[in-house]
There are 2 protein chains.
Amino acid sequence: MPNPTLRDVADAAGVHPATASRALNANTRALVNAETARRVLRVAEQLGYRPNPIARGLKTAKSATIGLVIPDLTNPLFPPIVRGVEDALEEAGYTALIVNTDGDPERERTLVESLRSRQVEGLVIATALVHHPLLEELQRSDIPMVMVNRRAEGIEAPYVGPDDAAGIELAVRHLAQLGHRRIAHVAGPATTSTGVARARAFGGAVRELGLDHGPELMVTCTQWTEGAGAAGLRQLLDGTEGVTAVVAGNDLIALGCYDVCAERRIDCPDELSIVGFNDMPFLDKLRPPLTTVSVPNTQIGTDAARLLLEALHGTDRSARSVLLPTSLVERGSTAPPGGR
Amino acid sequence: MPNPTLRDVADAAGVHPATASRALNANTRALVNAETARRVLRVAEQLGYRPNPIARGLKTAKSATIGLVIPDLTNPLFPPIVRGVEDALEEAGYTALIVNTDGDPERERTLVESLRSRQVEGLVIATALVHHPLLEELQRSDIPMVMVNRRAEGIEAPYVGPDDAAGIELAVRHLAQLGHRRIAHVAGPATTSTGVARARAFGGAVRELGLDHGPELMVTCTQWTEGAGAAGLRQLLDGTEGVTAVVAGNDLIALGCYDVCAERRIDCPDELSIVGFNDMPFLDKLRPPLTTVSVPNTQIGTDAARLLLEALHGTDRSARSVLLPTSLVERGSTAPPGGR
DNA sequence: CACCACGCTGCAAGCGTTTGCAGTCCGACT
DNA sequence: AGTCGGACTGCAAACGCTTGCAGCGTGGTG
């Protein structure tokens, strides 16, 4: 028999399937005679019995599965998060179903639909937009969920992400300390909470430190991509003078800034310091190595998964918004203004 | 009712659940009166009915799910492959369950176990080793599978990967054309088919082109990592003189070579040309931008998934080993020996 | 006119588990 | 000695769907 069933085990152990079921399930095991339980366990072991989660799921309406909604796995920001989620789920015997929305709300909708039809017990969402109709619907249908990395307004669900404000402040302080007075921000899209939080934090930091500030020192990109970052910096540079440093909304945007430096023959860091956000892999191999704000992405994933599991198991510690600490990784893309 | 069941639909449409089932399933729809079918469809639509794949799976012993076994999602080589697999599966209504083995056979075994218990219909394996007991077992238990990126000896399953030999030849030819005569190879582990295939191809190419060759010009790393690559190149450089170029087993190993250049103050490309393999993202941002062999990774994923689906649906075109074409991306890490 | 074939629909079993309920047995208590 | 309670175990239904088989009515054929 390719896959022994509970019935097979029961027969082999000379008990009723119900008894076998109870013996096999850790929390009902107490109901059955210790000796019998042992025997069942042993037989199950011998036969190589593996419970069929599908059948179990049908009965219990649980699938031991959650959905993980990300924009694009190919974006280096996400693999660590995914990995973190999977690792945390694995401990609990859960599995993640991953979908890539490519940032398309339509696609997102159908994908979430398909996740739900697959009976996922909860959702980890990495695609939140500030205003997000789909999430509002989901909230109403009260399927447990947690947002990572970005959050949506008016959604109760827990959120796990980096402490954007602290991270940005780290970056700005670092640049100020190097002597920069005129620092610009190439922000991420205002449609994402991360974009606005970082922009706001940037504004606060420069003001607080008494540095130059004003709308001409901020530009917001339409996307979190290299291309958009490049476009952003171009626009910014065309609109103002004397900028010696830029804080990018994230590493991808920072890469776009690198491209602009190359195309305009601006020396980084001597003429323009750049700092990124996220510390994605291989940044230390860039020309120059990118100074950036490091974020514990894997931990974001594990924390999010754990929060979700708690929600599923009713252990409602109702932990809201976990903000994970960031740190600054100083590399070669920042230097005192005008070279040393 | 939160989730309308087939029964609900049937009742609402005034038919028996069996009829509703047939009407809803595209390939049994012909069995039911066109008018009735339409009605059922309409009602289902109205009620927002979504079939419960768990129940269906229980009955049909199909889960519409496959397992995807990779070493580590965090390795930039894999996201594109995963993405390809997912995209191809999505079309067919299938989903992938992803597991990370971290290269640990023990872990791999238990993870595959858990996949099987989740009733995956097939497996895409990206962790193949030349000698791979687990895969042999799986083959015996004849669960459909396909290997990507690496293959195992003695396994019948189809394989989808880059044309390693052609890719390496491209690299060697390129270097020869630049004037290099003494080219070394920092190979990937001999436990992986990719490692040995590329090493063999390298040997063939240098010989064929009449370049220097010999065992002192080849070193094989213990892992596909930056660290192992660095160790490999150090060892090689310590063992021989006059090497002006190296072909790395993959990009990660090439990165390790970069590290050695930095630590030994060897100028790349003027003193040492380096070429990688895979063309993972952001290589163009390195110092210097890495010349590498580009591989259609996403396509590897889609092709593999399609092959697996064919196997599942019995469309046994028995397509074996698909070798995808590679191309050379010339960037800044290669130059004529001794500078221009 | 009887019969058959065919198109459609309903019946019911069953996929592998879980679980409320009911039974059995035995030791202990009154 | 009779009864009660407790510890186990078995019974059977149910989860939502698919599918072989049988039933029904209709139209066509011999």
Side-chain angles (χ1 to χ4, degrees), chain A residues 1-41 43-44 47-65 93 114 116-121, chain B residues 1-41 43-44 47-65 93 114 116-121:
Chain A
M1 49 255 55
N3 270 331
T5 131
L6 180 59
R7 212 198 148 73
D8 297 332
V9 176
D11 288 354
V15 298
H16 191 271
T19 309
S21 168
R22 286 188 271 253
L24 259 6
N25 265 7
N27 38 345
T28 48
R29 188 165 309 150
L31 295 179
V32 12
N33 181 294
E35 167 57 25
T36 317
R38 244 193 311 279
R39 182 156 36 97
V40 172
L41 258 353
V43 172
L47 262 48
Y49 168 75
R50 305 201 111 287
N52 180 335
I54 307 228
R56 187 207 304 268
L58 181 54
K59 179 63 183 180
T60 59
K62 300 219 176 313
S63 57
T65 291
S114 93
R116 301 206 61 184
S117 82
R118 276 181 180 270
Q119 314 296 121
V120 296
E121 294 178 40
Chain B
M1 50 255 52
N3 270 332
T5 131
L6 180 59
R7 211 199 148 73
D8 297 332
V9 175
D11 288 354
V15 298
H16 191 271
T19 309
S21 168
R22 286 188 270 253
L24 259 7
N25 264 7
N27 37 348
T28 48
R29 187 166 308 150
L31 295 179
V32 12
N33 180 294
E35 166 58 24
T36 318
R38 245 193 307 279
R39 181 154 40 95
V40 172
L41 258 352
V43 172
L47 262 48
Y49 169 73
R50 303 201 112 291
N52 181 334
I54 307 227
R56 188 209 304 272
L58 183 52
K59 179 63 183 178
T60 59
K62 301 218 174 313
S63 58
T65 291
S114 95
R116 300 206 62 184
S117 83
R118 276 182 180 268
Q119 313 295 124
V120 295
E121 295 178 39

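Chain letters run A, B, ... following the sequence lines, proteins first, then strands; residues in each count from 1.
- Note on P51(B): only backbone sugar-phosphate atoms sit closer than 4.0 angstrom, heavy atoms only; bases stay farther off.
- At least one side-chain heavy atom of S21(A) sits less than 4.5 Å from a side-chain heavy atom of L6(A).
- One finds a side-chain N or O of R56(B) lying less than 4.0 angstrom from the OP1 or OP2 phosphate oxygen of dT18(D).
- Residue-to-nucleotide proximity on DNA chain C shows that, of A55(A) and T28(A), the 5′-proximal contact is made by A55(A).
- Within the nucleic acid shown, L31(B) comes within 4.0 Å of at least one base atom, counting heavy atoms only.
- One can place CG of L58(B) at 9 Å from P of dT17(C), the figure rounded to the nearest angstrom.
- Checked against dG16(D), dA12(D), dA12(C), the side chain of H16(B) finds its nearest nucleotide in dA12(C).
- Rounded to whole angstrom, the span from the CG atom of L6(B) across to the C1' atom of dC15(D) amounts to 13 Å.
- Here CD of E121(A) is found 12.5 Å from CZ of R116(A). Values are rounded to the nearest 0.5 Å.
- Between N27(B) atom CG and dT19(D) atom P there is a gap of 8 Å when expressed in whole angstrom units.
- With distances taken from any side-chain atom of N33(A) to the nucleotides dC8(D), dA12(D), dC15(C), the minimum falls on dC8(D).
- Environment of CZ in R29(B): crowded, with over 12 heavy atoms of neighbouring residues, nucleotides or ligands closer than 6.0 Å.
- S21(B) comes within 4.0 angstrom of a nucleotide base, judged by non-hydrogen atoms across all strands.
- One atom, CZ of R22(A), and another, P of dG16(C), lie 20 Å apart when rounded to the nearest Å.
- Straight-line distance from the CD atom of E35(B) to the C1' atom of dG7(C): 15 Å, rounded to whole Å.
- At the phosphate of dT17(C), OP1 or OP2 sits under 4.0 Å from a side-chain N or O atom of T5(A).
- Between the CG atom of L24(B) and the CZ atom of R56(B) there is a distance of 8.5 Å, given to the nearest 0.5 Å.
- The side chain of N25(A) places an N or O atom within less than 4.0 Å of a non-bridging phosphate oxygen (OP1 or OP2) of dT18(C).
- Atoms NZ (K59(B)) and C1' (dA13(C)) sit 7 Å apart, rounded to a whole Å.
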Audit row: N52(B), T5(B), side-chain contact (heavy atoms from CB on, under 4.5 Å) steps and yes/no: CA-CA 8 Å; N52(B) 181 334; T5(B) 131; over 6 Å; no
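- Candidate nucleotides dA12(C), dC17(D), dG16(C) were compared by shortest atom distance to the side chain of N52(B), and dC17(D) ranks first.
- Comparing A30(B) and T60(B) by the nucleotide of DNA chain C whose heavy atom lies nearest to each, the residue mapping closer to the 5' end is A30(B).
- Listed pair T19(B) / dG10(C) meets the phosphate criterion, a side-chain N or O lying under 4.0 Å from OP1 or OP2.
- We find that CD1 of I54(A) is positioned 13 Å from P of dT18(D), with the value rounded to whole Å.
- Using a 4.0 Å heavy-atom cutoff across all strands shown, T36(A) reaches sugar-phosphate atoms only and no base atom.
- Summarising the geometry, the separation between CG on D8(B) and P on dC17(D) is reported as 9 Å, rounded to the nearest angstrom.
- If you take OG on S117(A) and CZ on R50(B), they are separated by 4.5 Å, rounding to the nearest 0.5 Å.
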